[in-house]
Amino acid sequence: MRYSQQLGQWNFSIDELGYKAKVTVPHTWNVDEKVMKHRGKAVYETSVFIDEDKQCKKAYLKFNAVYHSAKVYVNGSFVGEHSRSGYTPFTVDITKAVTFGADNTIKVEVDNTHNEEMLPYKDAFDWADDGGIIRKVELQFLEPDGIEYMHITENIEHIDGEFASGTLNIKTNITKPCKIKIYDYSTGELVLESDSLTVPYENLKLWSCYSPNLYIVTLETDNDLIEQRIGIRRIEVKGEKVYLNGKEIYLKGCEWMPGSHPDFGMAEPLEHSLKCLRQLKTAGCVFTRFHWQQDEALFDWCDENGLLVQEEIPYWGYPKQATPLQLDIAKQQADEMIYYHFNHPSIVCWGVGNELGAETEPTIQYVKDIIGYIKAKDSRLVNYVSNTLSRIENTDKDDATLYGDIAMWNDYLGLWEPSDDIPNHMKRTCKKADGMPLLVSEFGLCEPHFKGGDKERARILKERLEMYKIIPNICGYMWFSLNDYRTHCGEECEDRLRRRVHGSTDLYGNEKPSYRLLCELQK
């Protein structure tokens with residue numbers, strides 16, 4: 001059977017600064033006053049005893065995220081690396097390097113130097129560039145012929161009220177005989193058994209924002225067992241509307257920028273992350289988006305609490321005209337997102353980029369190509385977020401967001417984008433997306449670049465929601481943002497406190513008056 005152990009305690013060093021410390025992973029050095037300015041290489045080292053009774057198994061290290069490049073060594077031998085992506089999970093096979101019945105040393109070389117051969121690109125992104133092993137690490141042992149993964153597609157053939165019938169299609173790496181069991185997550189009751197990877201089902205409860213019903217699926221062989229949690233739901237677009245389980249849903253939402261607590265940065269503890277997610281739900285949000293990939297535990301919470309998510313490849317800002325390199329990196333990240341996050345019902349959309357040169361042919365082609373690549377692997381909606389759809393000079397130009405399932409537009413009319421007539425400017429923008437749903441993927445006020453403080457932020461919130469209600473093809477909106485957020489390009493403060501004052505809560509999650517207005521308006 002399988003076994004895993006979390007590796008929390010590590011020795012940490014930055015050789016060029018002569019700095020050494022004992023740290024607990026998840027960890028980033030960019031909130032430590034002694035080394036917070038460092039952008040470059042660092043080393044994590046630990047030792048773990050591995051029992052002799054594990055020698056018949058395969059040994060792996062699973063990293064939930066290392067920002068942004070990692071080289072891994074076991075007992076002095078190089079065993080693998082991960083690059084071009086700092087927020088996706090990865091696994092390294094260390095079986096051949098391990099000594100059983102002895103202590104084993106593990107070393108991870110981490111580098112957060114700004115890099116053009118990754119996404120996000122160089123320093124062209126608007127959040128913190130915290131380096132480190134920013135999410136948990138597990139030492140895992142699996143059977144040599146064991147189950148590596150289980151991806152479950154919940155095909156719905158018929159919906160009757162809050163129940164569905166259809167087929168579960170299970171994809172896995174094994175071909176040997178197996179047993180499938182399905183349990184109700186809330187009661188533990190066994191509801192279905194099968195000897196096939198194609199499992200017909202009848203009258204199982206649907207998963208939705210207001211009734212997030214979940215099931216546990218187990219796959220068992222003669223020597224292994226794996227379980228995954230699923231929710232049965234259908235997300236689709238018809239014309240200018242979005243439907244969840246056959247019913248129209250208005251995607252009212254708010255974006256949260258994780259990694260913003262100054263004491264923890266991108267290694268912030270789960271308790272603080274869940275506080276922020278609860279603030280979204282308390283405010284009446286049914287939808288959020290993440291500019292970059294997040295930890296499995298956050299999606300677990302969204303699954304349990306019915307919060308819809310768009311998880312995005314962090315291709316933000318530059319290069320404005322995509323090249324084959326950006327497409328290749330995006331494909332790598334899409335593969336990792338789909339592989340590790342496939343079974344989360346809360347993830348209903350993948351995002352492929354944000355605020356690029358969406359009216360240029362190279363970026364339009366990138367969006368077409370990566371959307372096609374993802375759709376060949378997964379049935380979720382796929383979208384691109386534009387800040388060019390509203391440009392008056394682009395009235396007759398194409399825009400990359402029109403090739404997604406939902407047109408997504410960042411509305412900063414009268415702010416980042418000057419406008420003399422916001423209502424009519426907005427109507428012209430929305431008309432470009434006639435025939436498809438349009439979601440306002442960002443709107444809000446960023447201080448100190450724009451004046452007026454939280455009072456002005458609240459005014460914009462109320463004004464815009466009234467405008468959005470009267471435009472037929474607007475299918476929802478995303479208030480930006482829940483929180484003030486740490487970013488290496490922020491206008492206020494320095495180092496670990498460098499921020500953008502863009503939120504309805506502060507860096508620590510304390511609520512401002514505009515948060516209470518958001519709660520009131522979204523009741």
Distance-only donor-acceptor check, side chains D369 and Q365, under 3.5 Å: yes

query: Between Q326 and T323, does any side-chain donor sit less than 3.5 Å from a side-chain acceptor?
result: yes

message: Set out, in order, the CA-CA distance, both residues' side-chain angles and the distance that settles side chain to side chain donor-acceptor pair (under 3.5 Å) for E202 and S165, then state yes or no.
response: CA-CA 4 Å; E202 291 185 358; S165 300; 5.5 Å; no

- prompt: Can a donor-acceptor pair be found between the side chains of Q228 and H344 at a distance below 3.5 Å?
  reply: no

query: Do K58 and Y60 have a side chain donor and acceptor closer than 3.5 Å?
result: yes

field: Under 3.5 Å side-chain donor-acceptor pair for S186 and D184
entry: yes

- request: Taking T28 for its side chain and G131 for its backbone only, find out whether a donor-acceptor pair lies under 3.5 Å.
  value: yes

message: If we ignore hydrogens and angles and just use 3.5 Å, is the side chain of D103 paired with the main-chain N or O of I50 as donor and acceptor?
response: no

query: Going by atom types alone, do R278 and N305 pair a side-chain donor with an acceptor below 3.5 Å?
result: no

Between N383 and Q310: side-chain donor-acceptor atoms closer than 3.5 Å: yes

Residue pair E255 / H291, side-chain donor-acceptor N/O under 3.5 Å: yes

message: When you measure from the centre of the six-membered ring of Y44, is the NZ or CZ of K107 closer than 6.0 Å and no more than 45° off the axis?
response: no

field: Geometric cation-pi criterion, K54 with F141: 6.0 Å, 45°
entry: yes

query: Just by modelled atom types, is the E138 backbone N or O under 3.5 Å from a matching donor or acceptor in the S4 side chain?
result: no

message: If we ignore hydrogens and angles and just use 3.5 Å, is the side chain of R233 paired with the main-chain N or O of L206 as donor and acceptor?
response: no

- request: Could you check S77 against N75 for side chain to side chain donor-acceptor pair (under 3.5 Å), going step by step and ending with a plain yes or no?
  value: CA-CA 6 Å; S77 298; N75 296 326; over 6 Å; no

query: So, the side chain of Q333 versus the backbone of Y87: is there a donor-acceptor pair under 3.5 Å, distance only?
result: no

T218 side-chain N/O to E227 backbone N/O, donor-acceptor pair under 3.5 Å: no

query: With no hydrogens and no angle check, do the side chains of Y340 and N64 hold a donor and an acceptor under 3.5 Å apart?
result: no

field: Backbone N/O of Y149 and side chain of T172: donor-acceptor pair under 3.5 Å
entry: yes

task: Indicate whether the side chain of E157 and that of T167 have a donor and an acceptor atom separated by less than 3.5 Å.
output: yes

message: Main chain of T153, side chain of N169: is a donor-acceptor contact present, judged purely on distance under 3.5 Å?
response: no

task: Assess the side chains of T24 and Q9: does a donor N or O sit below 3.5 Å from an acceptor N or O?
output: yes

Residues S441, N410; criterion side chain to side chain donor-acceptor pair (under 3.5 Å); working and verdict: CA-CA 5 Å; S441 39; N410 291 343; 2.8 Å; yes

message: With a 3.5 Å distance limit and no angle check, can you tell me whether E248 reaches the backbone of Y243 through a side-chain donor-acceptor pair?
response: no

message: Ignoring hydrogens and geometry beyond distance, is a side-chain donor-acceptor pair present between T505 and N483 at under 3.5 Å?
response: no

query: With a cut-off of under 6.0 Å to the ring centre and 45° to the axis, is R229 in cation-pi contact with Y185?
result: yes

- prompt: Does the side chain of D126 pick up a donor-acceptor pair with the side chain of W316 at under 3.5 Å?
  reply: no

- request: Using a 4.5 Å cut-off on heavy atoms from C-beta on, say whether the side chain of P345 contacts that of W207.
  value: yes

field: Check: I152 main-chain N/O paired with N343 side-chain donor or acceptor under 3.5 Å
entry: yes

task: Report the C-alpha distance between W301 and F299 in whole Å, list the side-chain angles of each, state the deciding distance to 0.1 Å, and finish with yes or no for ring-ring contact (aromatic ring centres under 6.0 Å, His included).
output: CA-CA 5 Å; W301 189 93; F299 297 123; over 10 Å; no

S208 and N245 side chains, donor-acceptor separation under 3.5 Å: no

message: Would you say the ring centers of H82 and F63 fall short of 6.0 Å from each other?
response: no

